[in-house]
Each structure stands twice: as structure tokens, then as C-alpha cells.
Amino acid sequence: MCGIVGFIGHGNVQDVLMNGLEKLEYRGYDSAGIYLAEGGQTGHLFKEVGRIANLKETVDFDLPAVVGIGHTRWATHGMATKANAHPHQSMNQRYSLVHNGVIENYQALKTEYLKNIQLNSETDTEIVVALIEWFANNESLSTKDAFKRTLEVIEGSYALGLIDKESPEVLYAAKNKSPLLIGLGQDFNVIVSDAMATIDVTNEYLEIKDKELITLTKDAVTIEKFTGEVVQRESYIAELDASDLEKGTYPFYMLKEIDEQPTVLRRLIQSYQDEQGQAVFEADLLKAVSAADRIYIIACGTSYNAGWIGRSLLEKIAHIPTEVHLASEFAYELPLLSQQPLFIFLTQSGETADSRQALVKVNELGLPSLTITNVKGSTLSREASYTLLLHAGPEIAVASTKAYTAQITVMALLADAIRASKGIEASFNMERELSLVASVMESILAEKAAIQTWVEDSLMETRNAFYIGRTLDYYVSMEAALKLKEISYIQTESFAAGELKHGTIALIEEGTPVIALITEEIVGAHTRGNVEEVRARGANAIVISMQEVARVDDQFVIPTVTTALAPLVMVVVTQLLAYYTALGRGLDVDKPRNLAKSVTVE
Ligand code: AGP
């Protein structure tokens, strides 16, 4: 949720920390701070509420720092105030700490060890740094041993960065559940939540596993298990290019990422098909999925919504019974499982704590799992039996767009490969239809101006709105509603169109926007009937469909594609709807309030 970065060695510490925090800002933007140590027991703390830009104005870039840690916050404990901003310091300010995660037993530790100590913040994190000082003083321990003692008593999720201003030649870090990587450099080393943040200084990284303590100097990195055992680990090269992270001429990353979808789709066709147009998937993976008597798709947010389209593709094309579950529920209430289940984890970031907790449960049962993610080497990829990558390029905007269509495309290609391996006849040529979908996406993206005008006429002033649809269109309406909600703050609900008249239609008033999605002809007539019902109660009925619909207040007709893949084109219209609504309201489209891109706390 939060983003942390640390740097030790030769180089401008402030530059690396501030550039890193700017790239990590999508992880939380309630407050930010850095701590710099320059030797001679001299340290400098800078903290500000809000964006990194606020902090940047206060940082002294001329200080001769040799080590530093930085943090951008998504508040879990305590309001977005300067006192609650990280880094937090021990009472004697010898120790400074940044933290991403949640310390679940912080109240109990406060009572047991720190009841006579006046704390400066409401955070769980301050308890950790106060404990390090407590153990150092009360058990006469070195900084490293005091840190180890503290790691023995804290419970929960954490990625930690620690500096002792009396020994600025060392940077300490530790990890449990929350993501943390070590970046390796010439005469310097870094700790970071996400390789993207320091890709411009190094592309060589070390993965850190749970319950590991790391000691960094400018020339060396030591990884130790909490048990004390020293671990040797191969580094890997992060497949990221700093230019991928640039917004270019786009006003917001979200619009850039919406526009990238046709290219991502074509890239996926190439990545998962050979020259003959045959799907290419790992034989073991195909065997494991084909052998499953039931597939369980587990995910959160937008990925969960993509899961429902995936379910339809796996059932209709590969003929495998499939269920979709919210990870946060599934992790603590497993359904009765079939004899040969296989679990598919959909996750753009690969770090979502709810999904990871569900995977921990699946691994405990020793059952097979496949993670479909956009981040190579992410936790959910490392800990699953199999991984399929989305090849979508970094997704920076908090509101997920290209990852949604990429997840659906990968599941469509996988379902088609399983169909072929089972000798089931195809009802359409997947590659040809996906190529057509990419072109139709481009034709819709060429209509941005029309969609922007539409939004200005119908959505700008409203406080609430409804999306309705049936079967696949209903599943797309779930994603459409989430997009509009999360970036425009309009209270938006998605409804199975047939369900509206069983209660919720009571909420329809004069002018209430109701956006109906109609691609599935088999149910189209019924949805058109539901549009009539809401219009009869004064709704402002808007239709997005593949055919003209009579007697509606406004409509957008999308070119026809095969029904099974229609969600891929329909969703683009609804993404643009949300984008232009938020833009028109003057909101920060990329960093909506109260949200973060990668949710690493449960
Ligand atoms: C979607 O726009 C949101 N950012 C959020 O719902 C997101 O989809 C969810 O947190 C899941 O993230 P993941 O795909 O990285 O696991």
C-alpha cells in the first residue's frame, strides 16, 4: 500500500529517494517523508502531508548524505497528518524507520514494553522503532540485535527500512508478507517496494522472502533468515525500461493506458501463439488445467470483474466448470472444493495481500495454482505453481484498464488452447476474432471526442448512476461501475438488468442516468425492455450496444464482434466514460482519493 525506498553509497541520496518516491506515489499519497544521515551522528528528517511535490519543496538537496530512507503513505493507522507521516523516529532520534504493512499486535506491544513512553503519532509503525530503542537500551543490544529482537515480537505484514545515525555506513531492512526488493549497484545498494522506482539507477535486483533480515552497505548485501542462517541468492534483471514509465504527451497515465490496449492485445496474440496461429502454453500448465474438474478464479477489484468474463470463456470454450471468488472472502471461507480443483489468481500487481492470503491457503492444501499477472517475479507469481504474464507494460494509473482487457485476452487464449487439446470444435477462430477486436478498439478510441461530449451532457452533475446488463453485459457493467465510482466519485451501481425491478428500481428518479450495455443478442430484447421500465420512471436512459436501439435518450453503437469477446470492446467505451467524467470534474484521474494501486494490506 505504502511505498518505501532506501539508498546507501555513492550518489546523490536525495535524488534517488525523491525520484523513487515519485514513481512509488501510485501506492499511496496521504503523506511522504525522507530521513538522511551524513555521518558524525548527524541526520535530517523531512516530512510533509500530501503529494511528493509538497515534500520536494522542503528537502535540502545539498546535504552530504551517505544513506537515506523514504516513504509515501497510504494511511492505515491515524489520519494523514505530519506526525503520522513516515519516517518515524525513536525517542532519542537515533533510529529512523519506514514501514509498508500493518503491525497487528502493536497495541499489545505498546502496553507490554512502552506504556511509560510518550509517542508522537497514532501509527503502528512508531511502536516498531520505539521497540528497537527499548531493546537496545534495556537489553544492551547492538542495533542489529535490537532489530532482530523487535522482529521476534512484532506480528503482521511489513517491509521495513532502518537507519541508525550512529552507524550511517549500514542500512537495515526486513520483510514479511509486504513486497521488498534489493537493487544492486556499483558502490551503492538500494531497498525498494517496486523495481520501477529505481530502474533508472539499476536493473539488477534481489528478491527478498518472508522473515528475512537484510544488512546493506555500499559494497555488500547480507540476507539472513530470522533464524540467523545466511542465504545466498541469484540476482535477476528487471525487464523494465525507464521510458515505459513516462506519460509522454498524455495528460494522465489512465488515458495512455486505455490507448495502449489494442497494442497489448496484439502483443498477447504473438506472445501466446506460434507462427501457425496455434496457442503456445507450457505443456505442464495445459495438462494441469485440462485435468481440473473445476476451476476457482480468485481475485479483487477489477481483476475480480475480469474473472467473471474468464469464467464464461473457460466454461463455454474449454468446457470446464468455473467459479469466481473474492479473495478476501475465499481466504477465510473456502467453499466445498471439487476432487481436482485448480486455482487461477488474477492480479495486475501480483502483490495484493487478500489474493496472496488466499494463495497461502491453497498452497497449504498442496493444490495447483496459476497466477495471471502483469509483474514478473511478484509474490503471487513466485508462490503459484504456474504463471502467465500479461505483457501489458507498467500500469501506473490507480484505475486499472489495460490489465483488465489483458487478463480477459490471456484467459481467452488459454481457454482456446485447452479446447484444442481436448479436441473440442471451435465456434470461431480465436486469433482472427481477437485481431478484429483490436481494430474495433482502435475505432472506438478514435471516437473519444464524441464520448467526451456525451459525458458532458449526461454525467457531469449527477450524484448517482446505474449500469445494467445481462449475462456477459452484466459482468462488464460491474467493471464499468467500479471505474466510474473510483475516479469520478459518482455513487454507481451495476445491476443484472432483470434484477432491477425486484427492488432497486425504487431508486430511479427523474434524470437518474441508467447506462444499459447490450451485446448479447439472446438477452438483448429483455434488456431493452428494462430500459423502457426505467425510462417510464424518468431515468435518463443511455445505451451502449452493437445495434441501434429505438426510444432511448442517448446511445453509442459499437462495431460488431463475436459475443464471447464483446466485453473487450464494450469496456473501452465505459473506461472512456469514466475518464472524461473525472476529467470534467477536475479530479486527479490517476490518483483518486483514498485509493492505492497495489493493496498490500488485508
Ligand atoms: C482497480 O481499478 C483498482 N485499482 C483495484 O480494484 C484493483 O483492481 C485491485 O486492488 C486488485 O489489484 P490487483 O489486480 O493488482 O491484484
Side-chain angles (χ1 to χ4, degrees), residues 1-3 25-29 74 177-179 193-194 196 252-255 257-258 261 297-310 324-331 343-359 369-384 387-390 392-408 410-411 475-476 478-489 492 494 571 574-579 582 587-602:
M1 214 80 168
C2 305
E25 198 172 30
Y26 69 88
R27 302 174 68 89
Y29 24 90
W74 189 87
K177 294 186 178 176
S178 298
S193 299
D194 183 328
M196 266 203 290
F252 289 101
Y253 281 102
M254 184 179 178
L255 190 61
E257 290 155 8
I258 291 174
Q261 294 178 102
I297 297 177
I298 316 291
C300 308
T302 285
S303 299
Y304 170 79
N305 295 335
W308 282 94
I309 312 291
V324 189
H325 292 269
L326 284 170
S328 52
E329 292 294 308
F330 185 88
F343 299 85
I344 295 183
F345 288 84
L346 294 178
T347 169
Q348 186 286 130
S349 63
E351 299 294 350
T352 301
D354 293 322
S355 300
R356 197 259 173 136
Q357 191 55 29
L359 179 53
S369 57
L370 160 65
T371 288
I372 301 180
T373 182
N374 199 28
V375 182
K376 187 175 179 194
S378 57
T379 302
L380 275 126
S381 163
R382 286 198 315 266
E383 297 180 355
T387 293
L388 290 175
L389 293 174
L390 296 179
E395 191 177 66
I396 311 280
V398 168
S400 182
T401 52
K402 60 179 180 177
Y404 174 86
T405 49
Q407 284 164 344
I408 292 171
V410 169
M411 287 188 281
Y475 306 148
V476 178
M478 291 157 62
E479 175 55 13
L482 176 60
K483 282 287 104 45
L484 190 58
K485 256 187 287 205
E486 68 177 319
I487 64 172
S488 76
Y489 315 150
T492 313
S494 68
V571 79
T574 66
Q575 292 166 345
L576 290 168
L577 259 180
Y579 174 80
L587 300 170
D588 185 331
V589 175
D590 284 344
K591 296 190 175 68
R593 69 185 183 199
N594 303 343
L595 293 182
K597 180 69 181 170
S598 175
V599 185
T600 55
V601 293
E602 283 188 66

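Read the numbers this way: they start at 1 and go in the same order the structure lists the ligands and their atoms.
A donor-acceptor distance shorter than 3.5 angstrom exists from the side chain of T387 to the backbone of S381, with no hydrogens or angles considered. At distances below 3.5 Å, at least one donor-acceptor pair connects side-chain atoms of T373 with backbone N or O atoms of V375. A distance-only check finds a donor-acceptor pair linking the side chain of E257 to the backbone of I396 [under 3.5 Å].
With salt bridges taken as basic N to acidic carboxylate O contacts below 4.0 Å, none links K402 and E395.
A heavy-atom cutoff of 4.0 Å around ligand 1 is satisfied by the protein residues C300, G301, T302, S303, T347, Q348, S349, T352, V398, A399, S400, K483, E486, V599.
Every side-chain contact (heavy atoms from CB on, under 4.5 Å) that Y475 has, sequence neighbours left out, goes to W308, I309, R311, L472, M478.
The local environment of NZ in K485 is crowded, with over 12 non-hydrogen atoms from other residues, nucleotides or ligands closer than 6.0 Å.
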